[in-house]
Amino acid sequence: MTKDSQLGTWEVFMQSKPGANYIHAGSVHASDKGMALQNARDTYTRRGEGTSIWVVPSEAITASNPDDNDMLFDPANDKVYRMPTFYVMPEGAKAI
Amino acid sequence: MELLEKNEQVQTELLRHFENKIEKGDSIEPRDKMPDGYRKHLIRQMSQHAHSEVIGMQPEGNWITRAPSLRAKQILLAKIQDEGGHGLYLYSAAETLGISRDEMISQLHSGKAKYSNIFNYPALTWADIGAIGWLVDGAAIVNQVSLQRTSYGPYSRAMVRICKEESFHQRQGYEIMAKMMSGTDAQKEMAQDAMNRWWWPSLMMFGPHDSESPHTGDAVKWKIKRHSNDELRAKFIDKTVQQAEVIGLTIPDKDLKWNDATGHYDHGAIDWNEFYKVISGSGPCNHQRMEHHKRVHAEGAWVREAAEAYRAKQEKQLLHS
């Protein structure tokens, strides 16, 4: 079989309702942005799951390496002063 | 030699890290290191799953123009569109493992990748559309509900999405069967005939008995598979028998009997010779299904070429503007 173009890959992000975060839904194949948007709509929102869609060429995404997780996502246990509970409030103070 | 030993050590360390993650119940994501066997198993299973969704559109597509009412036609169209969508979710999830869409389609066409055996049977009457939705999708749901907790993140997320949509498929099928069973004698006969033809192939969808299943070991260890073939088959039988009774259909198995001790139905022997005969290419529709897919894929090549040409033209115009 000859090599057949399956068109470029695009990542699809959807917002489920106004104000919500955009969440990755999956990917689609398309030759350009217009088709990517149309295919994303046909594939991922057949039941009104979304109010807005983003499509991004897959190759434009840079992902972190899981090997770097310790370095990137250090829980910062030594920086407890970032937590509100670190602070001592004067007795009797209200609504703080 | 020293280098080899070192390499081996690294590999063992990686495997231990991976298995710890699985043990903890963490999901595995595309960029995580994973053993070759895990990746291969998933590619095989997920591409087969995707191909099944897409090939499964054919027996139902056969009835779009002959649906008995506009309502039935709209429903069938929506269901078939869903199946296409499910195929796309799964291809997209499988691509995260490093296999291209083109390669998956090639493997389907060369016969290296399989699709669910059930779609090698023909949809002969309208009652078959009912039986496919109720029994075939019903069996698929049992399997897919279990796979929602599979260890590979993209596969699991695709399953959650699919399960949400799949229950409409089963209900529309059961509705068709119920309607026919409340109709004329000829309609009842047609429904029972569809039941008789689809029951056993539906049970075969869960694959060989646990004692005979060649892929189960690693798949269970790596939590790709969360329940065994026989467990899932029992779950399907248990819930389907009651549904058949309600509408007056007879399960075509004279050995089917409730077993108080196991809490499940006992069923008669499955004809595995037929299963292996069909899977190896001698089913009633194997040839037709594959020829159709190849032909439509080839006939669509110009659309993909035209789309690429359009993109190239747009980019050129953008450059000169």
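Side chains included, hydrogens not; waters and symmetry mates left out as well; all remaining heavy atoms used.
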**OP:** Decide if atom CE of A:M83 counts as having more than 12 heavy atoms of other residues, nucleotides or ligands within a radius under 6.0 Å.
**Re:** no
Subject >> Nearest atoms (heavy-atom pairs only) where A:L7 meets B:R304 >> reply: CD2-O, 3.8 Å
Subject >> Under 4.5 Å from any heavy atom of chain A - which part of B:K164 >> reply: neither
**OP:** For A:R46, look at atom CZ and say whether over 12 heavy atoms of other residues, nucleotides or ligands are found less than 6.0 Å away.
**Re:** yes
Subject >> Euclidean distance, A:R47 CZ relative to B:D82 CG, rounded to 0.5 Å >> reply: 4.0 Å
Original post:
Pick from B:E29, B:K294, B:R101, B:R157: which one has the most heavy-atom pairs with chain A under 4.5 Å?
Top reply: B:R101
Subject >> Residue B:E23 excluded, over 12 heavy atoms near CD under 6.0 Å >> reply: no
Original post:
In terms of heavy-atom proximity below 4.5 Å to chain A, should B:Y310 be classed as side chain, backbone, both, or neither?
Top reply: side chain
Subject >> Neighbours of chain B found in residues 60-72 of chain A - heavy atoms under 4.5 Å >> reply: A:A63, A:S64, A:N65, A:P66, A:D67
Original post:
Any donor-acceptor pair under 3.5 Å linking the side chain of B:Y89 with the backbone of A:A25?
Top reply: no
**OP:** Would you confirm whether B:R311, through its side chain, and A:S31, through its main-chain N or O, come within 3.5 Å as a donor-acceptor pair?
**Re:** yes
Subject >> Rounded distance [0.5 Å steps], OG in B:S92 versus OH in A:Y44 >> reply: 3.5 Å
Subject >> B:Q317 atom CD, neighbour heavy-atom count above 12 within 6.0 Å >> reply: yes
Subject >> Residue pairs, two or more places apart or on separate chains, that pass salt bridge (charged side-chain N to carboxylate O under 4.0 Å, His left out) and touch residues 70-81 of chain B >> reply: B:E60-B:K79, B:R71-B:E175, B:K79-B:E83, B:K79-B:D137
Original post:
For atom CZ of B:R149, is the number of surrounding heavy atoms from other residues, nucleotides or ligands below 6.0 Å larger than 12?
Top reply: no
Subject >> Largest heavy-atom contact set with chain B, pairs under 4.5 Å, which of A:T9, A:V28, A:T43, A:N39 >> reply: A:T43
Original post:
Side chain, backbone, both or neither: which part of B:R161 has a non-hydrogen atom closer than 4.5 Å to chain A?
Top reply: side chain
Subject >> Under 4.5 Å from any heavy atom of chain A - which part of B:E95 >> reply: side chain
Original post:
Is A:K79 atom NZ crowded by more than 12 heavy atoms from other residues, nucleotides or ligands, each under 6.0 Å away?
Top reply: yes
**OP:** Heavy atoms only, distances under 4.5 angstrom: which of A:H24, A:M35, A:H29, A:E49 has the most pairs with chain B? Name it, please.
**Re:** A:H29
Subject >> From A:Q6 atom CD to B:M104 atom CE, the distance as rounded to the nearest 0.5 Å >> reply: 9.0 Å
Original post:
Of the backbone (N, CA, C, O) and the side chain (C-beta and beyond), which part of B:Q81 lies under 4.5 Å from a heavy atom of chain A, both, or neither?
Top reply: both
